[in-house]
Structures are given as C-alpha cells and as structure tokens.
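Before any comments, here is the structure.
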Amino acid sequence: ANKRGRENTSSMKNGSGMEKIKNIILHPISMLIIGLITGVIVKLIDIYFRVQHLGFSLSDVFSQLGVWIVIGVIISLFSKNKRYAMLNVFLFCIGMLITYYITAEVTNSVYGWNFIRGWVVFACCSPLMAYLVTLTKNKGIFPLIIKIGIFVVYLVTDILLFGGPRIYDFIFILLLIYLLFIKKYQ
C-alpha cells in the first residue's frame with residue numbers, strides 16, 4: 001500500500017495526462033513546428049478558400065490581426081512561465097512567417113514586401129506582447145490596464161486596418177473576455 005501511495009503522489013507531482021500534453025504542445029520546439037505547419041496551411045487557405053460564407057471567408061479571418069492576437073494570448077496564458085510564453089509566441093510567429101512566404105513563393109502567389117516587413121515587426125515585438133499578456137494573470141491596476149489595452153488594440157486595428165468588426169470578431173472578443181477576465185490561472 002505504501003508503494004502505491006507513493007506512485008499516486010508521484011503522478012500528482014508530475015501532473016495529469018492533460019498537463020503533460022499541454023507541456024509538450026507549449027514547448028518552444030513544438031511551437032516552432034506548429035508555426036511552420038500553420039504558415040503553410042494559412043497560405044493555402046488564402047489561395048483556395050476565398051469563397052465567402054456568412055459574409056466572410058476563411059482567408060479573410062486568417063488575413064487579419066484579430067485571430068493572431070487571440071492565438072498569441074492563448075499561447076501566452078497557457079505557457080509554463082513568462083520565458084516560455086515569450087519564446088513560444090516568437091517561435092510560432094517566425095515559423096509561420098517563414099513557411100507562409102515560402103509557400104507564397106512556391107505557389108507564385110502575390111505578396112508585398114510591406115506586408116513581410118509588417119509581420120516581421122509584429123513577430124519581433126511578440127515576446128514583449130507575450131510577456132505583457134502573462135502579467136494579466138495577476139491582480140491589480142496594471143494587469144487591468146493591459147487587459148483593456150489588448151481589447152483596444154484588437155478593436156482599433158480591426159476597425160482602422162481591416163474595416164471590421166465582423167461576425168467572427170465578436171466570437172474572438174468573447175473568447176478574449178473569457179481568457180482575460182473570467183478564467184482563473186494558477
């Protein structure tokens with residue numbers, strides 16, 4: 001009985017199966033690989049899924065900043081610590097950009113250097129943004145300002161750059177409300 005008790009305690013210390021899966025997915029090497037795969041998928045979506053359903057296309061969703069803000073917030077909040085959050089978001093973004101533009105080149109797709117520069121700047125700033133997102137797990141005025149700032153950036157970029165909001169933006173906003181204001185983190 002004593003040995004079995006130690007096994008149960010040991011498995012509790014190591015975390016549940018879901019915790020192990022989360023740690024594998026949110027490991028920097030995995031985030032780079034996921035980013036590389038995402039870049040190819042998103043570029044193919046840009047090419048082949050331009051047909052609109054419900055007033056928008058998958059290409060529209062993945063061409064705008066909002067979905068990437070939500071994905072960055074999710075990666076940041078669920079990463080093991082601040083350092084992993086910063087590294088994970090950066091490697092995801094860089095991996096995605098590399099394969100997105102390689103796929104664009106291979107498929108003879110149209111793209112502009114201004115877009116590349118803009119997304120590279122975004123990727124280079126992503127560790128700072130990830131760090132700020134991890135601070136929203138804390139209580140106080142500064143984390144609240146950051147949470148509000150995330151919404152302001154989301155809405156301003158969506159309205160000014162992309163002519164939104166659209167129906168899927170409301171879904172992303174509800175998800176951000178849950179992640180930033182309702183969900184409790186350890």
- prompt: Do F151 and F181 have ring centroids that are under 6.0 Å from one another?
  reply: yes

Members sharing L32's hydrophobic cluster, built from side-chain contacts under 4.5 Å between Ile, Leu, Val, Met, Phe, Trp and Tyr, are L36, L87, F90, L91, I94, I98, I102, V106

CG of L155 to CG of L160, rounded to nearest 0.5 Å, is 10.5 Å

Taken in chain and number order and not counting sequence neighbours, the residues that satisfy side-chain contact (heavy atoms from CB on, under 4.5 Å) with I146 are L132, L135, T136, F142, I150

Using a 4.5 Å side-chain heavy-atom cut-off and chaining through intermediate ILVMFWY residues, the residues clustered with I171 come out as none

By side-chain contact (heavy atoms from CB on, under 4.5 Å), I145 pairs with (sequence neighbours left out) I141

Residues passing the salt bridge (Lys or Arg N to Asp or Glu O under 4.0 Å) test with K22, sequence neighbours excluded, are E19

Under a side-chain separation threshold of 4.5 Å, the hydrophobic residues clustered together with I24 are none

The side-chain hydrogen bond (donor to acceptor under 3.5 Å, both in side chains) partners of D46 (sequence neighbours excluded) come to S59, S63, Y100

Donor-acceptor pairs under 3.5 angstrom involving side-chain atoms of residues 108-116: please list them, not counting sequence neighbours.
{"from": "S109", "atom 1": "OG", "to": "T107", "atom 2": "OG1", "distance (Å)": "2.8"}
{"from": "Y111", "atom 1": "OH", "to": "E105", "atom 2": "OE1", "distance (Å)": "2.5"}

Sequence neighbours excluded, the answer for side-chain contact (heavy atoms from CB on, under 4.5 Å) partners of I75 is L26, M31, I71, S79, N88, V89, F92

The side-chain contact (heavy atoms from CB on, under 4.5 Å) partners of L175 (sequence neighbours excluded) come to V70, I74, L179

Without placing hydrogens or testing angles, list every side-chain donor-acceptor pair under 3.5 Å for residues 121-131, not counting sequence neighbours.
{"from": "S126", "atom 1": "OG", "to": "A123", "atom 2": "O", "distance (Å)": "2.6"}

dist F170:CZ -> R166:CZ (nearest 0.5 Å) comes out at 11.0 Å

Interatomic distance, CG@L180 vs CG@L77, rounded to 0.5 Å, equals 6.0 Å

The complete set of side-chain hydrogen bond (donor to acceptor under 3.5 Å, both in side chains) pairs with one or both residues in residues 139-156, sequence neighbours excluded, reads Y154-D169

